[in-house]
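Note that the structure is predicted; figures quoted are calculated from it, not measured.
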Amino acid sequence: MADVVAKERKILVAIDEGEESAYALSWCLKNIVLENSKDTLVLLYAKPPRAVYTALDGTGYLFSSDIMATMDRYSNEVAECVIEKAKKLCRELNDVKVDMRIEHGDPRDVICQMAEKLGVDMVVMGSHGYGAIKRAFLGSVSNHCAQNVKCPVLIVKTPKSAAVNK
């Protein structure tokens, strides 16, 4: 029997602060990424744009530059925490290259654009499991990506038992 040479795949995993994305990454590591496969795992954190305050709060007062800097610092700290958590999950991998990416913008657009730009073979993402009303207001990132990304999109749902531990 001849040795089968596995294709080197590039798999994009969308990560955020939620347990759903951590579960999706763990699931991907157990079920998709093969040890010694030369796969490349691209962990993508889409850093949401700062809410448009136009430096004014609701009362018409200008936000100070200190407050704006604090908001930016907090946003950077969240991004670093998300990346560190993802790195810990990936430590056990052998022969799998892990790329970390932090991009700025709406996660729906960022994930779709990066999947196209990087030419990934698959996108893996968690599902927040919003109900119909919340999804209508917030929009479903996973649904948007499933409709717009050209490669296969795997949406990993967190089991109900795991969701209880939040």
Heavy-atom pair with the smallest gap, counting every atom of H144 and D109
NE2-OD1, 4.2 Å

For S127 and E20, work out which heavy atoms get closest and say how close.
O-CG, 3.1 Å

Hey, does V123 have a side-chain heavy atom less than 4.5 Å from the side chain of I111?
yes

Step through the shown structure and confirm whether more than 12 heavy atoms of other residues, nucleotides or ligands are within 6.0 Å of NZ on K85.
yes

When rounded to the nearest 0.5 angstrom, what distance separates NZ in K87 from CG in L25?
13.5 Å

Look at K10 together with D121 and state whether they make a salt bridge at an N to O cut-off of under 4.0 Å.
no

Distance, nearest 0.5 Å, that separates CD of E77 from OG of S75
9.5 Å

What I'd like to find out is whether the side chain of L12 reaches to under 4.5 Å of the side chain of V149, using heavy atoms alone.
no

Any side-chain heavy atom of W27 sitting closer than 4.5 Å to one from T158?
no

Steps toward side chain to side chain contact (heavy atoms under 4.5 Å, CB included) verdict (I11, D39)
CA-CA 8 Å; I11 302 165; D39 284 344; 4.2 Å; yes

Compute whether any side-chain donor of one residue and acceptor of the other, for E17 and Y45, lie under 3.5 angstrom apart.
yes

Side chains of R108 and V110: closer than 4.5 Å at any heavy-atom pair?
no

What residue among V13, V33, L43 forms side-chain contact (heavy atoms from CB on, under 4.5 Å) with C90?
L43

Are any side-chain N or O atoms of S21 and backbone N or O atoms of D16, one a donor and one an acceptor, separated by less than 3.5 Å?
yes

At their closest point, which heavy atom of V153 faces which heavy atom of C145, and how far apart are they?
CG2-O, 3.8 Å

Testing the basics here: between S142 and G126, what is the closest heavy-atom pair and its distance to 0.1 Å?
CB-O, 4.2 Å

Out of curiosity, I15 CD1 to R101 CZ, how far, rounded to the nearest 0.5 Å?
12.5 Å

Are V98 and M100 side-chain neighbours, meaning at least one heavy-atom pair lies under 4.5 Å?
yes

P107 and A46: which non-hydrogen atoms are nearest, and at how many Å?
CA-CB, 3.6 Å

I'd like to know if E103 pairs up with K47 as an ion pair, taking the criterion as any Lys NZ or Arg NE/NH1/NH2 lying under 4.0 Å from an Asp or Glu carboxylate oxygen.
no

At their closest point, which heavy atom of I32 faces which heavy atom of R9, and how far apart are they?
O-NH2, 2.7 Å

In the structure I gave you, are the side-chain heavy atoms of L41 and D99 within less than 4.5 Å of one another anywhere?
no

